[in-house]
*Asks:* 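Okay, here's the structure, questions in a sec.
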Amino acid sequence: MTTDSTPSAAQLQRMLARDEIREVLARYARAVDRADGPLLKSCYHPDAIEEHGGNYTGNAIEYVDGAIPRILAMGTMQHLLGTSHIELDGDVAWVETYIWTFARFAQAGGGSLDTFTGGRLVDRFERRGGAWKIAHRRTVFDWNRDVASAEGWCNGLFDPAKPGMHLGRKGASDLSYDRG
């Protein structure tokens, strides 16, 4: 900082870069939970690499193309982002973001399973053409807990059948897309 507490141009650039990177991460979480393929693709450079839990390693855009149909067929899903550690080096940023995920899967014999997973997104972001996007993502899985679904809506406090109770949805019918 300068002596009058005004941030320098370099400090402002670093702040803006960190903010833009966090915006991409938030956009990613929203896009995957809403199964919004175009929004999800906007988080990656076209030649980005995605390494996802040993199930996929390759072009991130192709990963999205394969993942969206699977996500649409799944139950409720939510990705919660935690702390991001961002190291900037010119037009490259090394980013580690803590993440918790929830996903509901239908069971073959009926009922459903809720899976909770904690991990980290280890990303290399690059600024190209003035835009920060993911160039390489590796997902680290730290823990997992699978349990039978038992939804009680806060011991009956909330009733999903009541008008005005908004349940999350995939796609543009989710309340988050309503601009009314």
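Just so it is clear, the values below take in all heavy atoms, side chains as well, and ignore hydrogens, waters and symmetry mates.
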*Asks:* What are the two closest non-hydrogen atoms of Ser173 and Arg169, and how far apart are they?
*Replies:* OG-CD, 3.4 Å
*Asks:* Is there side-chain contact between Leu39 and Arg30, with at least one heavy-atom pair below 4.5 Å?
*Replies:* yes
*Asks:* May I ask you to test the Val147-Phe116 pair for a side-chain heavy-atom distance under 4.5 Å?
*Replies:* yes
*Asks:* How many angstroms lie between CD in Glu96 and OG1 in Thr83, if you round to the nearest 0.5 Å?
*Replies:* 9.5 Å
*Asks:* Does a donor on one side chain sit under 3.5 Å from an acceptor on the other, for Ser42 and Arg27?
*Replies:* yes
*Asks:* Checking Asp123 side chain against Val95 main chain: does a donor-acceptor pair fall under 3.5 Å?
*Replies:* no
*Asks:* Going by side chain to side chain contact (heavy atoms under 4.5 Å, CB included), Arg127 matches just one of Leu88, Val92, Asp91, Ile21. Which one?
*Replies:* Asp91
*Asks:* Any side-chain heavy atom of Trp132 sitting closer than 4.5 Å to one from Leu16?
*Replies:* no
*Asks:* Do Asn144 side-chain atoms and Gly118 backbone N/O form a donor-acceptor pair below 3.5 Å?
*Replies:* no
*Asks:* If you compare all heavy atoms of Thr97 against all heavy atoms of Gly82, which two are closest, and at what distance to 0.1 Å?
*Replies:* CG2-O, 4.1 Å
*Asks:* About how many Å separate CG of Asp33 and NZ of Lys170, when rounded to the nearest 0.5 Å?
*Replies:* 8.0 Å
*Asks:* Okay, side chain of His79, backbone of Val32: is any donor-acceptor separation there less than 3.5 Å?
*Replies:* no
*Asks:* Could you check whether atom CE of Met74 has more than 12 heavy atoms from other residues, nucleotides or ligands sitting under 6.0 Å from it?
*Replies:* yes
*Asks:* What are the two closest non-hydrogen atoms of Arg104 and Glu151, and how far apart are they?
*Replies:* NH1-OE2, 2.9 Å
*Asks:* For the atom pair OG1 (Thr101) and CG (Leu80), what is the distance rounded to the nearest 0.5 Å?
*Replies:* 8.5 Å
*Asks:* Supply the atom-to-atom distance His85 NE2 to Tyr98 OH, rounded to the nearest 0.5 angstrom.
*Replies:* 10.0 Å
*Asks:* Is it true that Asp142 and Arg120 make a salt bridge, defined as a side-chain N closer than 4.0 Å to a carboxylate O?
*Replies:* yes
*Asks:* Does Arg18 use its side chain to pair, donor to acceptor, with the backbone of Ile86 at less than 3.5 Å?
*Replies:* yes
*Asks:* Using atom types as modelled and distance alone, determine if a side-chain donor or acceptor of Asp36 lies under 3.5 Å from a backbone N or O of Ala31.
*Replies:* no
*Asks:* Do the non-hydrogen side-chain atoms of Thr76 and Phe102 ever get within less than 4.5 Å of each other?
*Replies:* yes
*Asks:* Given the rule that I, L, V, M, F, W and Y join up when any side-chain heavy atoms are under 4.5 Å apart, are Tyr177 and Leu175 in one cluster?
*Replies:* no
*Asks:* Is a donor on one side and an acceptor on the other found under 3.5 Å between the side chain of Asn59 and the backbone of Ile61?
*Replies:* yes
*Asks:* Ser149 side chain to Ser112 main-chain N or O, any donor-acceptor pair under 3.5 Å?
*Replies:* yes
*Asks:* Name the orientation class of the two ring planes belonging to Tyr56 and Tyr63 (parallel below 30°, tilted from 30 to 60°, perpendicular beyond 60°).
*Replies:* tilted
*Asks:* Are side-chain heavy atoms of Met165 and Leu167 found at a separation under 4.5 Å?
*Replies:* yes
*Asks:* Please tell me if the side chains of Glu50 and Thr139 come closer than 4.5 Å, counting only heavy atoms from C-beta onward.
*Replies:* yes
*Asks:* If I compare all heavy atoms of Leu72 with all of Ala35, which pair ends up nearest, and what's the gap?
*Replies:* CD2-CB, 3.6 Å
*Asks:* Apply side-chain contact (heavy atoms from CB on, under 4.5 Å) to the pair Arg138 and Ile49, showing each step before the final yes or no.
*Replies:* CA-CA 8 Å; Arg138 292 174 291 163; Ile49 300 298; over 6 Å; no
*Asks:* Distance from Trp94 atom CH2 to Arg124 atom CZ, nearest 0.5 Å?
*Replies:* 5.5 Å
*Asks:* Taking all heavy atoms of Leu113 and all of Ala148, pick out the closest pair and write down the distance.
*Replies:* CD1-N, 4.1 Å
*Asks:* Given Leu40 and Tyr28, is the side-chain contact (heavy atoms from CB on, under 4.5 Å) satisfied, shown in steps?
*Replies:* CA-CA 6 Å; Leu40 190 53; Tyr28 170 86; 3.3 Å; yes
*Asks:* Start with the C-alpha distance between Arg128 and Asp47, add both sets of side-chain angles, then the distance that settles side-chain contact (heavy atoms from CB on, under 4.5 Å), and finish with yes or no.
*Replies:* CA-CA 12 Å; Arg128 300 181 194 169; Asp47 61 344; 2.8 Å; yes
*Asks:* Which pair of non-hydrogen atoms, one from Glu20 and one from Gly130, has the smallest distance, and what is that distance?
*Replies:* OE1-O, 4.2 Å
*Asks:* Would you call Ile134 and Leu121 a side-chain contact if the rule is heavy atoms closer than 4.5 Å?
*Replies:* no
*Asks:* Pairing donors with acceptors under 3.5 angstrom, does anything connect the side chains of Glu51 and His136?
*Replies:* yes
*Asks:* Kindly indicate whether the side chain of Leu25, heavy atoms from C-beta on, has any atom under 4.5 Å from the side chain of Ser84.
*Replies:* yes
